[in-house]
Number of protein chains: 2
Amino acid sequence: MTAAPVRRPRRHDPGRRDRLVATTVEVIAQAGVVGATHRAIARAADVPLGSLTYHFASLDELHTAAFTRHVDDVAPRFDERMATAPDGAAALEVLVGHLTDDLLASHRDFVLAVELYAAAARRPALRAVTQDWMLRSRRSLERHFDPVTAREIDAMVEGLTLHSALSTDPMTPAQIRAAFSRFAR
Amino acid sequence: MTAAPVRRPRRHDPGRRDRLVATTVEVIAQAGVVGATHRAIARAADVPLGSLTYHFASLDELHTAAFTRHVDDVAPRFDERMATAPDGAAALEVLVGHLTDDLLASHRDFVLAVELYAAAARRPALRAVTQDWMLRSRRSLERHFDPVTAREIDAMVEGLTLHSALSTDPMTPAQIRAAFSRFAR
DNA sequence: GACTCATGCGGACGAGCGTACACATCATGT
DNA sequence: ACATGATGTGTACGCTCGTCCGCATGAGTC
């Protein structure tokens, strides 16, 4: 009797490519771009190593696809929240919620943003992804504010996000609200 | 006649440790933390590979020393500039100059900042370095503004830096000046 | 001048990496 | 039923990496 070789059953898996991109986003969030190796991603997605080079020509391409996906996931949600605010004052209040509830709750999104910025500083493809994200945020804010103000608010959101995520002494919701109230008409 | 082995002359080099830290800062600025390997740093500093492990127990320790040095280099300069401003209005104008002249000119400092943030999200030692930097910036701003406003300005500087460095469409000095004027009393 | 030890040097080791590729499998069109 | 090509799998290659370590050197001390 020959021992049956331990063999993972072959799997027909349409949409694996998409699933790999989604998994890569999570691996980057957990281990950074530096930790998002072919092998780490393959392990996380439970696929063989060779599957990655089949679906993506290079690791860079996979990273880029992951960041692009993340932006395409986050930007529309932000836009939707901006769209539901009836006026500028409500929009500012949405921003307060965005910074207190969402971002503080998910270290994940902060890591993804900052990993993208660092990678974008060195890789033109990712710089384009970042610029797209910034532009979409500004467009969402322009639902309620003029372009110049929208840009200032966008910068403020970025800065407060950083402070909230890395500070020992996070700002209170009241302080954040006060900061945004500078932009009220 | 035996060929003389090509041998770099041994060098007595006091302060090599400091020089290695300084070199590491530059390598990180050029190639990111990911590119700041023992070998890359040794090459840049023109020292043999073994010298790095002699002076630093691990690569992490060297990276941390590099970021610490960078903060100790940048923070006092910012504080000095704030100290020379006679009043709040002048301080805001210093910030405009800081964002238009200094940061746009040196991609270097932007890369170092964003690399630090990304690394800090994962490594407690670097998080402490980042928090120290943030605190010192706020203290500098408190020379002219109350603590709450100082914090808001600090966040705005951070956000505008990001936008200036990564945007296709950088803000004009006039726009930056207008943004900071929201904090004038 | 002899001793000592901090410092400097170069090579080596094992691990993990990106990528390539030969082969297995199966959905699909005929 | 068969052919075909897209998809899935396992393994191997060459490379770079962090770290280690034996040895060389020479400044400082007596």
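When reading the values below, keep in mind they use all heavy atoms of this one structure, side chains included, and skip hydrogens, waters and symmetry mates. Residue numbers start from 1 in every chain, and the chains themselves are labelled A, B, ... in the order their sequence lines are given, proteins ahead of strands.
D:dT16 atom P lies 17 Å from atom CD1 of B:Ile41, rounded to whole Å. The interatomic distance linking B:Leu52 (CG) with C:dG10 (P) rounds to 13 Å, in whole Å. If you measure from atom CZ of A:Arg43 to atom P of C:dG16, you get 9 Å, rounded to the nearest angstrom. Following rounding to the nearest Å, B:Asp46 (CG) and C:dG10 (C1') show an atom-to-atom distance of 15 Å. One interatomic measurement links the two molecules: CZ of A:Phe56 to P of D:dG8, which rounds to 11 Å at whole-angstrom precision.
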Contacts table for residues 145-155 of chain B: side-chain donor-acceptor under 3.5 angstrom, sequence neighbours left out:
residue: B:Asp146; atom: OD1; partner: B:Thr149; partner atom: OG1; Å: 2.6
residue: B:Asp146; atom: OD2; partner: B:Val148; partner atom: N; Å: 3.2
residue: B:Asp146; atom: OD2; partner: B:Thr149; partner atom: N; Å: 3.2
residue: B:Asp146; atom: OD2; partner: B:Thr149; partner atom: OG1; Å: 3.4
residue: B:Arg151; atom: NH1; partner: A:Asp169; partner atom: O; Å: 2.9
residue: B:Arg151; atom: NH2; partner: A:Ser167; partner atom: OG; Å: 3.1
residue: B:Arg151; atom: NH2; partner: A:Asp169; partner atom: O; Å: 2.4
residue: B:Glu152; atom: OE1; partner: A:Arg182; partner atom: NE; Å: 2.5
residue: B:Glu152; atom: OE1; partner: A:Arg182; partner atom: NH2; Å: 3.3
residue: B:Asp154; atom: OD2; partner: A:His163; partner atom: NE2; Å: 3.3

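Look at B:His55 and you won't find any side-chain N or O under 4.0 angstrom from OP1 or OP2 of C:dA6.
For B:Phe78, the ring pair (Phe, Tyr, Trp, His ring centres under 6.0 Å) test picks out B:His98, with sequence neighbours left out. Evaluation of the ring pair (Phe, Tyr, Trp, His ring centres under 6.0 Å) rule for B:His70 yields B:Trp133 as partners, not counting sequence neighbours. Remark: A:Asp18 engages no residue in a salt bridge (Lys or Arg N to Asp or Glu O under 4.0 Å) (not counting sequence neighbours).
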Review point. Going through the checks in order, is the side chain to side chain contact (heavy atoms under 4.5 Å, CB included) test met by A:Leu112 and A:Leu116?
Key: CA-CA 6 Å; A:Leu112 284 169; A:Leu116 174 58; over 6 Å; no
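A salt bridge does not link B:Asp73 with B:Arg69: every distance from a Lys NZ or Arg NE/NH1/NH2 to an Asp or Glu carboxylate oxygen is 4.0 Å or more.
Of the candidates D:dT7, D:dG18, C:dG8, D:dT7 carries the atom nearest the A:Tyr54 side chain, counting heavy atoms from C-beta on.
Summary of helix geometry: the two end axes of the helix from C:dG1-D:dC30 to C:dT30-D:dA1, each defined by five base pairs via their C1' atoms, are inclined to each other by 10° (rounded to 10°).
Among all heavy-atom pairs drawn from A:Ile28 and A:Ala66, the shortest one is CD1-CB, 4.2 Å.
The local environment of CD in A:Gln30 is sparse, with at most 12 non-hydrogen atoms from other residues, nucleotides or ligands closer than 6.0 Å.
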Strictly under 3.5 Å: I want the nitrogen or oxygen pairs between protein and nucleotides 19-23 of chain D, one per line.
residue: D:dT19; atom: OP2; partner: B:Leu59; partner atom: N; Å: 3.0

